K.L.:
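Structure in structure tokens, see below.
Values reported hereafter were calculated over all heavy atoms of this structure, with side chains retained and with hydrogens, waters and symmetry mates removed. Source: prediction; values computed, not measured.
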Amino acid sequence: MKQTVTLHTIVEKAHLASTMKSGSLDVLATPQMIAWMEQAACMCLKLEEGQTSVGIAMNVTHDAPSPLGAEITIQATVTEQKGRIIHYEVKAYQGDTCIGKGEHTRCIVNSDKFLAKVYK
């Protein structure tokens with residue numbers, strides 16, 4: 001299992017709070033930052049065939065705004081795994097400035113069983 005993943009991305013119009021309707025300003029939307037944190041966390045895992053992971057907890061702060069065109073670096077680090085439950089430290093940076101940070105938890109599940117339960 002990978003312990004840390006770093007993801008680099010650029011803030012585009014689709015990522016803005018004004019576009020996502022999570023605010024009225026043309027700055028990086030908090031839900032988008034969180035989605036990138038979850039993406040990086042997923043990339044830390046090497047799962048068996050038929051498995052996936054689902055997010056079960058997210059506790060983050062969004063500490064600084066980022067404009068359209070900004071390069072954002074997301075980092076997810078596995079801090080603990082107990083059975084199917086994985087805990088992460090997640091951070092987001094614009095350059096050297098930490099713009100968001102917190103903790104994330106995921107659970108490893110069987111994809112077919114999970115979807116069968118959801119759609120029964």
K.L.:
Not counting sequence neighbours, which residues clear side chain to side chain donor-acceptor pair (under 3.5 Å) with E38? List them please.
P.N.:
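Checked E38 against side chain to side chain donor-acceptor pair (under 3.5 Å); matches are R106.
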
K.L.:
Could you name each residue pair satisfying ring pair (Phe, Tyr, Trp, His ring centres under 6.0 Å) that touches residues 12-58, not counting sequence neighbours?
P.N.:
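Only H15-W36 qualify under ring pair (Phe, Tyr, Trp, His ring centres under 6.0 Å).
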
K.L.:
Show me the pairs that pass ring pair (Phe, Tyr, Trp, His ring centres under 6.0 Å) and involve residues 78-118, at least two apart or across chains.
P.N.:
Y88-H104

K.L.:
Please answer whether the main-chain N or O of G50 pairs with a side-chain N or O of S111 as donor and acceptor at a distance below 3.5 Å.
P.N.:
yes

K.L.:
Any side-chain heavy-atom pair from I85 and T105 closer than 4.5 angstrom?
P.N.:
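I85 reaches T105 side chain to side chain.
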
K.L.:
Between atom NZ of K91 and atom CE of M33, what is the distance when rounded to the nearest 0.5 Å?
P.N.:
13.0 Å

K.L.:
Using atom types as modelled and distance alone, determine if a side-chain donor or acceptor of T6 lies under 3.5 Å from a backbone N or O of Q75.
P.N.:
no

K.L.:
Just so I know, are the side chains of I99 and D63 near enough to count as touching, which here means a heavy-atom distance under 4.5 Å?
P.N.:
no

K.L.:
Report yes if the side chains of D112 and Q51 come closer than 4.5 Å at any heavy-atom pair, otherwise no.
P.N.:
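The answer is no, as the side chains (C-beta and beyond) never meet within the 4.5 Å cut-off.
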
K.L.:
Checking Q32 side chain against A29 main chain: does a donor-acceptor pair fall under 3.5 Å?
P.N.:
no

K.L.:
Considering residues, nucleotides and ligands other than E80, do more than 12 of their heavy atoms fall under 6.0 Å from its CD?
P.N.:
yes

K.L.:
Contact between L68 and L16 at the side-chain level, heavy atoms closer than 4.5 Å - yes or no?
P.N.:
yes

K.L.:
Measure the shortest side-chain to side-chain distance between S22 and P31 over non-hydrogen atoms and say whether it is less than 4.5 angstrom.
P.N.:
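The answer is yes; the side chains approach within 4.5 Å.
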
K.L.:
With side chains defined as the heavy atoms from C-beta onward, is the minimum distance between V60 and E103 less than 4.5 Å?
P.N.:
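Counting from C-beta outward, V60 and E103 never come under 4.5 Å.
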
K.L.:
Find out if a path of hydrophobic residues (ILVMFWY) with successive side-chain heavy-atom gaps under 4.5 Å connects M43 to V109.
P.N.:
no

K.L.:
Walk me through it: do I108 and I86 pass the test side chain to side chain contact (heavy atoms under 4.5 Å, CB included)?
P.N.:
CA-CA 8 Å; I108 297 171; I86 303 121; 3.5 Å; yes

K.L.:
Would you say that S53 contacts C107 through its side chain, given a criterion of any heavy-atom pair below 4.5 Å between the two side chains?
P.N.:
no

K.L.:
Could you grab the distance from atom CD1 of I34 to atom CD of Q39, nearest 0.5 Å is fine?
P.N.:
14.0 Å

K.L.:
Check the hydrophobic clustering (I, L, V, M, F, W, Y; side-chain heavy atoms under 4.5 Å; chains of links allowed) and say if L47 and V78 are grouped together.
P.N.:
yes

K.L.:
Shared ILVMFWY cluster between I10 and L7, side chains joined below 4.5 angstrom?
P.N.:
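Not linked; separate clusters.
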
K.L.:
Kindly give the heavy-atom pair with the smallest separation between K101 and M37, and that separation in Å.
P.N.:
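Heavy atoms only, the tightest pair is N-CE, 4.1 Å.
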
K.L.:
Do I74 and V90 have side chains that approach each other closer than 4.5 Å (heavy atoms only, starting at C-beta)?
P.N.:
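The answer is no, as the side chains (C-beta and beyond) never meet within the 4.5 Å cut-off.
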
K.L.:
I'd like to know if the side chain of Q94 pairs up with that of S66 as donor and acceptor (distance under 3.5 Å, no hydrogens or angles considered).
P.N.:
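Q94 vs S66: donor-acceptor pair found between side chains.
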
